[in-house]
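See structure below.
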Amino acid sequence: MHPTPDNEQTTAKQADGCGMDIVRGCQQGDRRAQHQLYENCHKAIFRLAVRMVGPQEAADVTQQVFLQAFRKMDTFSGRSRLETWLYRLAVNESLQHLRRMRRWQQPRLEGEPADRGPKHDEQTDNRELLDLALARLEPELRSLFLLRELHDLPYRELADATGTAEGTVASRLNRARRLLQEHLIDLGWEP
Amino acid sequence: MDCSKVQPLLSAYCDGELAADDRTMVAAHVTACAQCSRRLAAFGGLSTMVKGLATPPPPADIWTQIERELDADVQVVARRSLGVWTRSTRRLAALAALVVIAVGLGLLATSNRLGVHPRDHLARYLDQFQEDAEKAQRILIANYGAKAIDLEEAGRRLGYRPVVAGRLPDGYTLEAVYAVQMPCCDFMQYVCRRGSAGMIAIFERGDGHSGCLEGRPAIAACCGGQRCRLAQLGGKLVVSWNMDKRHLTIVGVRDVDEVEELMANFGKG
């Protein structure tokens with residue numbers, strides 16, 4: 001729908017090509033297969049984690065996602081793509097991480113809809129506002145929205161990755177977009 | 001099709017997920033309706049903004065950390081499946097056996113000297129914990145004023161971030177937090193569930209003193225390079241150690257491996 005920056009196209013390509021030979025190798029504990037899977041998918045998982053738990057915690061979450069994947073590879077049934085299964089682990093790990101941290105983090109990236117002064121770098125301002133607005137979305141909606149926008153998952157895979165009924169994906173995405181827009185406007189964004 | 005029917009479909013239309021008939025109807029409506037057209041354009045604008053967000057590169061050492069954990073997994077499996085014990089595990093097992101004997105022979109003799117009578121409420125709590133953690137908790141509530149609080153409150157009372165905040169190992173969930181006023185001192189207590197396999201209770205105080213939780217006979221041990229005290233409690237262990245200014249006691253630990261795992265986990269910065 002929209003062109004992606006070059007670096008993100010690279011990430012998308014890396015997310016492909018996790019064939020059954022890699023799965024079998026990982027299930028047998030083959031370190032080369034595990035490393036190959038990591039090389040293919042870690043940037044996409046890290047990217048999701050950054051937007052879910054913030055850049056400071058994203059490395060921990062990424063590490064846990066792959067450890068869980070390697071330890072539970074026997075449970076991968078092959079009904080979904082391996083990448084979708086990894087996204088599911090990433091979403092769950094991010095949500096658990098946020099629950100653990102919830103009472104101890106100051107509201108992350110919160111800001112005031114203050115007078116922002118002259119817009120000398122509107123693009124940077126908008127990105128900061130977007131980060132703030134994303135942080136305000138409830139985590140389950142945020143994960144759904146990010147998997148759609150950043151990782152281009154179709155609705156069927158979004159349902160698998162987030163544990164959402166496929167029939168409700170559209171309405172939840174609708175709500176996420178609407179809320180995100182409201183948060184942006186509250187924070188001073190001018191469409 | 002009016003706006004009230006079209007607007008819920010705009011996301012799916014934007015994402016190319018509508019069936020052909022609905023897609024045609026929405027397209028026709030959006031062409032004619034300024035409001036819905038603006039909403040659709042806003043969704044598109046959001047998408048562009050999000051796709052433009054920069055992400056820092058992942059740290060280079062993530063894979064190194066993963067390999068380290070995978071290597072540790074391999075060693076644990078090898079140790080358990082082949083029955084090969086490391087020297088430290090053999091030493092701890094021998095010490096634990098001594099504890100069993102010491103407790104059996106010495107409980108009555110030493111308990112008065114250490115100020116813990118078998119019938120006191122704490123002893124009853126520890127005994128009851130193995131069978132029924134909830135029933136055991138009622139002993140603390142009734143006799144030590146154990147009051148359910150949340151982690152924030154625990155942090156305020158301690159004056160620092162509780163040890164379990166953001167640091168429980170995988171598979172453990174925090175079920176409840178209590179402030180407990182024992183005769184000697186106040187503790188924060190964290191009741192945690194271990195997957196679907198039982199409970200542990202973690203007691204924390206911030207002045208580095210053990211207070212009355214170490215009234216049972218215990219042995220000094222070294223777990224994962226950290227000094228601790230271990231006591232046998234029915235089929236489970238009680239472990240206590242100092243970590244910076246915290247004193248921690250965990251009740252209901254399964255075995256020495258879990259002791260090491262928990263101590264290593266909480267010891268991470």
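Below, chain A is the first sequence line, B the second, and so on; all start at residue 1.
- Contacts with chain B were tallied for A:Gln63, A:Gln34, A:Arg156; A:Gln63 has the most, counting heavy-atom pairs under 4.5 Å.
- Of the two parts of A:Arg178, the backbone and the side chain both hold a non-hydrogen atom closer than 4.5 Å to a non-hydrogen atom of chain B.
- Here the two rings, on A:His42 and A:Tyr38, have centers that are under 6.0 Å apart.
- Looking at B:Asp61 and B:Arg68, no side-chain N of the basic residue comes within less than 4.0 Å of a carboxylate O on the acidic one, giving no salt bridge.
- Comparing A:Leu134, A:Leu130, A:Leu173, A:Leu184 by how many heavy-atom pairs each has under 4.5 Å with chain B, the most go to A:Leu130.
- Checked by atom type and distance alone, the side chain of A:Lys43 never pairs as donor or acceptor with a backbone atom of B:Pro57 at under 3.5 Å.
- Between chain A and the residues B:Gly16, B:Ala41, B:Pro58, the largest count of heavy-atom pairs under 4.5 Å involves B:Pro58.
- Heavy-atom distances place no part of A:Ile45 under 4.5 Å from chain B, backbone and side chain included.
- Residue A:Gln96: no heavy atom, backbone or side chain, is found under 4.5 Å from chain B.
- Taking chain B as the reference chain and counting heavy-atom pairs below 4.5 Å, the highest number among A:Gln181, A:Gln68, A:His35 is found for A:His35.
- Between A:Val61 and A:Met52 there is no side-chain heavy-atom pair separated by less than 4.5 Å.
- For CD of B:Glu134, the number of neighbouring non-hydrogen atoms (other residues, nucleotides, ligands) closer than 6.0 Å is 12 at most.
- Counting only distance, with no hydrogens or angles, the side chain of B:Ser240 and the backbone of B:Thr249 share no donor-acceptor pair below 3.5 Å.
- In terms of modelled atom types and a separation under 3.5 Å, the side chain of B:Glu204 and the main chain of B:Met188 share no donor-acceptor contact.
- For chain B, the nearby parts of A:Tyr155 are the backbone and the side chain; heavy atoms of each come within less than 4.5 Å.
- Contact of B:Glu67 with chain A is made through backbone and side chain together, with heavy-atom distances under 4.5 Å.
- Only the side chain of B:Asp170 comes within less than 4.5 Å of a heavy atom of chain A; its backbone N, CA, C and O stay farther away.
- Within the 4.5 angstrom heavy-atom criterion, only side-chain atoms of A:Arg51, from C-beta onward, approach chain B.
- Side chains of A:Gln36 and A:Asn40: a donor-acceptor N/O pair is present below 3.5 angstrom, by distance only.
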